[in-house]
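Keep in mind the model is a prediction, meaning the values are calculated, not measured. Chain naming here is simple, since letters A, B, ... match the order of the sequence lines and numbering starts at 1 in each.
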There are 2 protein chains.
Amino acid sequence: MLQAKGEKTRNEIIECAKNLFYHKGFEATSFSDIVAAAQVNRGNIYHHFKSKDDILRAVVDQRLQEFAALLTGWERRLSDPRERLIAFVHMVVSRQDELARYGCPIGSLNTELGKDRPLLQREARRLFDLFRDWLARQLALSGTAGNSQVLALHLLGRAQGIALIAHVYGDRTFLLRETAELEQWLRRV
Amino acid sequence: MLQAKGEKTRNEIIECAKNLFYHKGFEATSFSDIVAAAQVNRGNIYHHFKSKDDILRAVVDQRLQEFAALLTGWERRLSDPRERLIAFVHMVVSRQDELARYGCPIGSLNTELGKDRPLLQREARRLFDLFRDWLARQLALSGTAGNSQVLALHLLGRAQGIALIAHVYGDRTFLLRETAELEQWLRRV
DNA sequence: ATAATAATTGGATGAATGTCTAATAATTGA
DNA sequence: TCAATTATTAGACATTCATCCAATTATTAT
């Protein structure tokens with residue numbers, strides 16, 4: 001068997017929890033929600049995870065893998081680092097529907113955990129680190145003027161602001177307009 | 001008596017709930033938290049509010065009044081609409097500590113409620129409307145090129161992105177750098 | 001002063017929360 | 001094949017949750 005039985009259950013739990021945490025928020029998602037969505041027995045979850053916090057850690061790890069794969073994919077397909085940066089902006093466009101509905105999965109998670117779950121936020125912040133460091137590397141390769149770490153954080157902030165407003169107003173038009181502007185900025189910088 | 005006894009209790013509940021919702025989040029704040037902070041009897045809250053959602057509505061109303069007063073204050077003190085826009089940016093700077101610790105009270109609230117409390121988010125969104133419309137008015141008065149509503153939303157998004165990143169990284173240096181840049185942009189636009 | 005109204009008390013409500021346990025079933029490796 | 005490990009089940013656990021109530025106390029108008 002390529003994937004052991006337990007492994008399959010574990011992945012199902014992670015996948016369902018990931019969507020629930022994104023769509024409802026971490027605090028608002030209950031054990032019963034996860035159990036129902038994953039169609040797993042209540043007690044069985046504790047054979048795979050030792051707590052709800054532990055599930056979140058697994059979800060963050062899974063998201064890290066997902067996004068890391070995305071980034072290396074762009075690196076493989078696009079030789080020009082500036083085109084890779086634009087691919088980042090295009091990702092926002094291609095996810096406009098879910099962003100308008102639920103906000104940014106990384107931003108909203110960190111916003112929630114940043115309030116009073118410092119240890120968990122430390123884990124979730126790694127998702128930001130991943131993008132920040134990758135963007136900084138591409139900016140450096142692009143030969144942009146100025147500190148590439150500074151520019152990377154600026155770019156992250158712009159993207160987060162766009163996702164947040166698009167979510168608050170459910171406004172995809174705003175998202176399209178702002179990402180187009182951001183792309184222009186990237187070509188100039 | 002200037003303020004009836006009940007009125008005073010009611011305001012105390014609102015004030016404490018406002019801070020708790022901001023510091024912990026709406027979902028993460030329990031009735032017991034509010035009761036303990038406001039030093040009010042458990043059952044007494046239901047004489048003033050009919051539910052937790054109802055408390056949030058009162059908190060939003062209070063924040064609306066607060067911010068509306070802030071805006072009219074700037075209008076009174078500053079005749080140049082462009083200086084008023086800069087005052088908006090300076091507000092972010094002056095609140096850098098709480099923004100880095102808890103994020104933006106308006107943005108984080110809307111992000112949380114936007115996920116699965118559409119009716120409550122509709123209320124909270126009015127806080128964004130207040131700023132958006134005011135900023136648009138000042139931008140129009142400034143004679144900026146381009147649609148002032150569009151520019152206002154852009155400005156709001158920039159501010160939200162700054163607050164979010166500053167919160168995630170607890171980074172006031174980033175906040176200062178980005179707001180300075182935003183101020184320069186405002187003087188140019 | 002007194003009747004009417006408003007505010008407060010303290011405890012009770014049932015439902016939902018996350019967590020755990022002991023027993024059973026399934027899968028795996030020798 | 002059979003012992004050992006891993007996975008699943010069903011339910012119970014104490015606690016906390018938001019909400020509500022009946023009784024009491026304060027306050028307000030007349």
Of all the nucleotides listed ([options]), which has the minimum atom distance to the side chain of [X]?
{"X": "A:H47", "options": "D:dA7, C:dT8, C:dT17", "value": "D:dA7"}
{"X": "B:F31", "options": "D:dT9, C:dT8, D:dT19", "value": "D:dT19"}
{"X": "B:H48", "options": "D:dC17, C:dT8, D:dT9", "value": "C:dT8"}
{"X": "B:K52", "options": "C:dA7, C:dC20, D:dT19", "value": "D:dT19"}

Using a cut-off of less than 4.0 Å, is there contact between a side-chain N or O of [X] and OP1 or OP2 of [N]?
{"X": "A:Y46", "N": "C:dT19", "answer": "yes"}
{"X": "A:T9", "N": "D:dT8", "answer": "yes"}
{"X": "B:S32", "N": "D:dT16", "answer": "no"}
{"X": "B:N41", "N": "C:dT8", "answer": "no"}
{"X": "A:S30", "N": "C:dT17", "answer": "yes"}

Starting at the 5' end of DNA chain C and moving along, which residue's nearest nucleotide shows up first, A:K50 or A:D33?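 Of the two residues, A:D33 wins.
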
Rounded distance in Å - [atom1] ([X]) to [atom2] ([N]):
{"X": "B:I34", "N": "D:dC17", "atom1": "CD1", "atom2": "P", "result": "11 Å"}
{"X": "B:E12", "N": "C:dT8", "atom1": "CD", "atom2": "C1'", "result": "15 Å"}
{"X": "B:N11", "N": "C:dA7", "atom1": "CG", "atom2": "P", "result": "12 Å"}
{"X": "A:I45", "N": "D:dG11", "atom1": "CD1", "atom2": "P", "result": "17 Å"}
{"X": "B:F26", "N": "D:dC17", "atom1": "CZ", "atom2": "C1'", "result": "13 Å"}
{"X": "B:R10", "N": "C:dA6", "atom1": "CZ", "atom2": "C1'", "result": "14 Å"}
{"X": "B:F21", "N": "D:dA18", "atom1": "CZ", "atom2": "C1'", "result": "12 Å"}
{"X": "A:N44", "N": "C:dT24", "atom1": "CG", "atom2": "C1'", "result": "13 Å"}

Between B:H90 and B:W74, is the gap from one ring center to the other below 6.0 Å?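 No, too far apart.
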
Under 6.0 Å between the ring centres of A:F31 and A:F49?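 Ring centroids of A:F31 and A:F49 are no less than 6.0 Å from each other.
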
Does B:R42 get its side chain close enough to the base of D:dT19, under 3.5 Å, for a donor-acceptor pair?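 Indeed there is one.
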
For A:R82, does the CZ atom sit with more than 12 other heavy atoms under 6.0 Å from it, leaving out its own atoms?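 Correct, the count exceeds 12.
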
Under 6.0 Å from the six-membered ring centre of A:Y22 and within 45° of its axis: does the NZ or CZ of A:R63 meet both?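 Positive - A:R63 is close enough to the ring of A:Y22 and near enough to its axis.
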
Against the six-membered ring of A:F21, is B:K115 placed for a cation-pi contact (under 6.0 Å from the centre, within 45° of the normal)?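 Ring-cation test returns no.
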
